[in-house]
Amino acid sequence: MMRSLLIIAAVACVALLLGAVLQPRGYAVRVVCLILLAASLGQCWNIVGGLANQVSLGHAAFFGIGAYTSTMLQIKFGLSPWAGLPIGMLFAALVSVLLSIPTMRLKGPYFSLATLAFGEACRIVATAATGLTGGPQGVSVPFAGNSWLLLQFRGAGAYVPVFVGLFVVVCVAFTLLANGRLGYMLRAIRENEDAAEVTGINTLGVRLAGGAISAALTAATGTMFAQFTFFIDPDIVFSATSISIRAALIAILGGVGTLAGPIVGALVIVPLEELLSAYLSNKAAGIAPLIFGLILIGIVVWRPSGLVSLVTQRRGRT
Amino acid sequence: MAALATLAASNAWSAEPVKIGILVPLSGPTAQFGNNIRNGVELALEDMKETGGLKALGADVELVYADVPAPNAAAAATQRLISQDGVVGIIGSFVSSITLAASEVTERAGVPMMTHSFADQITSRGYKFIFQVANKASLFGEKQLTYALDIAKRAGSPVSKIAILYEDTAYGTAQAKGLRDTANRLGIQIVVDESYPLNLTDASPLVNKLRASGADLVFPVSYFNDAILIIRTMRQQNLDIPTVGGAAGYIIPDFKKGLGDLVEGVYSIAPANYDALPAIAEKYKKKYGAFMPHEALMYGAAFQHMVKAIEVAQSRDPEKIRDAIAALRKCDGFSAGLPGGCTAFDANGLTSVAFPVFVQWRGDDIVTVYPPEVAKAPAYWRGKEVK
């Protein structure tokens with residue numbers, strides 16, 4: 001546990017340092033922010049996907065709820081996103097509990113498919129409920145220049161401390177869960193749900209709690225994303241590929257169920273995407289997604305248990 | 001690109017080139033529009049060089065592309081263009097949601113961006129650094145109906161019942177709203193008002209509803225694939241009521257490739273058409289093998305407007321260039337091909353001269369048929385020439 005907290009602190013310090021030295025309105029610091037957001041998103045997913053082995057492909061639902069809750073409260077009632085953030089988290093947690101009622105008995109791919117469908121359903125509802133969400137036109141976060149109160153800044157540099165805060169909260173939550181009572185129970189369920197039930201674990205309660213925490217933190221990440229990009233529409237924040245699957249991908253690539261997994265995953269995926277886009281846009285833009293996909297396939301085939309296994313294996317831990 | 005490179009190598013002007021970012025989807029589902037824009041901008045640059053338009057600038061112009069297949073990629077790509085590549089202005093991004101996301105960054109960075117995206121919000125946010133060379137989506141919806149009604153009236157077959165089919169995206173819903181509001185205002189009955197999800201697999205239910213409704217006129221607002229499917233299904237069912245497309249997929253060369261002779265006589269609203277600029281359109285066709293789609297023309301015009309503004313400003317300071325773009329009224333080169341004949345902007349950055357036009361398919365070409373002051377040929381309504 002100590003080691004995990006040290007890793008979190010080290011990553012946070014490096015990010016803060018980069019935020020301090022990099023040109024605050026530049027591109028490099030924006031990439032640092034994107035990595036922090038991606039790592040946080042992956043870590044949120046990791047709480048259920050890693051600890052309980054419930055492969056959710058619908059985390060965009062919670063991400064979108066967070067993004068829309070804070071943004072719509074800001075547009076309609078002038079509420080600061082700092083206040084919208086906890087409301088969105090609560091809302092997402094509630095939705096996650098409600099979702100568990102029909103999905104709690106589902107296992108493996110059935111659970112994944114149900115969550116995937118739920119994410120899509122949220123996208124469709126957000127598209128249709130024009131009065132509530134602004135509909136398919138999307139909504140812009142009202143412009144406020146530089147304002148801590150309204151959590152928005154002209155350059156990406158000022159976001160670094162905020163996103164580091166989010167990252168630390170999510171990672172510490174994961175660590176506490178993984179090493180605490182709830183984590184053991186989640187893992188017991190992962191290994192054998194029936195056996196866990198027999199030993200007296202309230203499997204339903206544990207799953208609900210894990211799911212709700214993951215959903216709430218995902219919503220917080222969604223709020224931060226909206227405050228960072230300033231424009232959201234249902235296709236952006238409820239996207240199956242660029243949010244739901246990406247969240248899982250980040251964790252899987254780095255190493256499912258490990259603290260370092262999503263961090264490593266984000267450190268690989270975000271810079272890779274940016275580099276490919278930067279160098280191929282002028283010449284052969286269509287090739288970038290193909291190369292990106294091939295590299296990901298390569299990594300997963302080479303290291304099925306994630307890039308983190310490179311280090312843990314050398315230490316003789318596996 | 002090769003021509004550009006050699007030009008840069010044998011550069012007569014000593015100064016560092018001025019960089020302009022082209023932020024468009026070059027991969028993904030809307031890639032073909034992005035590639036058309038690339039063609040248009042490159043031709044616009046060539047055109048300026050040939051007509052001596054770059055000399056006064058005292059430097060060469062370098063195009064820097066950024067591929068943005070989806071809005072999620074827009075912010076980072078925009079930032080990269082601005083702070084890594086040092087562009088002084090940005091042209092893009094066709095898809096409204098990408099333009100909206102990108103312009104949040106350009107506004108905060110204080111770098112001008114020019115677009116032809118239609119979404120109403122683009123210039124309704126009170127932003128200073130975004131310029132829209134096309135009209136708003138709601139106006140397209142409105143004109144689509146009033147133009148069609150007028151042509152029908154002249155043809156002696158007035159319209160009383162219309163049908164609206166639209167995809168449930170930002171673009172589809174905005175145009176449908178414009179259509180609906182105008183129809184209600186004019187007391188035209190809407191007998192079908194149906195949305196459908198993007199990438200429809202079967203249009204027959206929609207077309208059956210359309211047939212049963214007895215509509216005199218149908219407005220399918222759709223991107224490319226759905227446009228093809230709807231028209232084909234209509235024709236297969238021998239439903240030949242006049243059809244007015246909503247720009248996008250209806251006015252690109254591939255529409256003809258996908259449908260063959262079925263396209264004959266289909267109408268569409270359009271932000272501009274190449275027949276207003278025959279010399280350049282001819283050059284485009286020779287170079288790229290198809291007629292010049294509106295996005296190539298419009299982004300070419302936006303690009304030339306920006307280059308001209310840089311020349312007027314005599315500065316690389318994005319803020320000064322922004323002021324020059326806002327003040328400039330440019331009526332030559334590609335700008336002359338836009339309806340209204342110029343590129344110029346009001347206080348919000350919205351075009352102050354452009355208006356939508358009506359085009360109709362004739363063989364391999366689309367011809368401007370309305371409004372009369374810009375029409376190149378008479379319209380045909382139910383096979384009858386409209387005087």
Nearest heavy-atom approach of A:R30 to B:A76 is CD-CA, 3.7 Å
Interatomic spacing from CD in B:E107 to CZ in A:F143 - rounded to 0.5 Å: 5.5 Å
Taking everything shown except B:K136 itself, do over 12 heavy atoms lie less than 6.0 Å from its NZ? yes
Of all the heavy-atom pairs spanning B:S97 and A:F231, show the shortest one and how long it is. O-CE2, 3.6 Å
How about A:T127 and B:D168: does a side-chain donor come under 3.5 Å of a side-chain acceptor? no
Looking only at atom types and distance, does a side-chain atom of B:Q79 sit under 3.5 Å from a main-chain N or O of A:R25, one as donor and one as acceptor? yes
Just verifying a value: how many Å separate B:L26 CG and A:L280 CG, rounded to the nearest 0.5 Å? 11.0 Å
Tell me, side chain or backbone of B:A31 under 4.5 Å from chain A's heavy atoms, or both, or neither? neither
Report the distance from atom CG of B:L100 to atom CD1 of A:I236, rounding to the nearest 0.5 Å. 8.5 Å
Tell me, side chain or backbone of A:L34 under 4.5 Å from chain B's heavy atoms, or both, or neither? side chain
Go through the atoms of B:V68 and report whether side chain, backbone, both or neither lie under 4.5 Å from a heavy atom of chain A. neither
Looking only at heavy atoms, which two atoms of A:Q137 and B:A174 are closest? And how far apart? NE2-N, 3.5 Å
Measure from the side-chain N and O atoms of B:Q121 to the backbone N and O of A:G138, and report whether any donor-acceptor pair falls under 3.5 Å. yes
Selection from A:P289, A:A278, A:S242 maximising heavy-atom pairs under 4.5 Å formed with chain B: A:A278
Who among B:A170, B:A73, B:A70, B:A74 has the most heavy-atom pairs with chain A under 4.5 Å? B:A170
Side chains of B:E104 and A:T229: donor-acceptor distance under 3.5 Å anywhere? no
Contacting moiety of A:Q152, where chain B heavy atoms sit under 4.5 Å: side chain
B:R80 and A:S277: side-chain donor and acceptor closer than 3.5 Å? yes
Check each atom of B:T169 against the heavy atoms of chain A and say whether the ones under 4.5 Å are side chain, backbone, both or neither. backbone
Against chain B, label A:F228 side chain, backbone, both or neither, depending on which of its atoms sit under 4.5 Å from a heavy atom there. neither
Please classify the contact of B:Y127 with chain A as side chain, backbone, both or neither, using a heavy-atom distance under 4.5 Å. side chain
What distance do B:L81 atom CG and A:Y27 atom OH have between them, rounded to the nearest 0.5 Å? 9.5 Å
Could you check whether B:R108 makes a cation-pi contact with A:F230, meaning its NZ or CZ is under 6.0 Å from the centre of the six-membered ring and within 45° of the ring axis? yes
Interchain contact, B:A75 with chain A, by part (heavy-atom threshold 4.5 Å): both
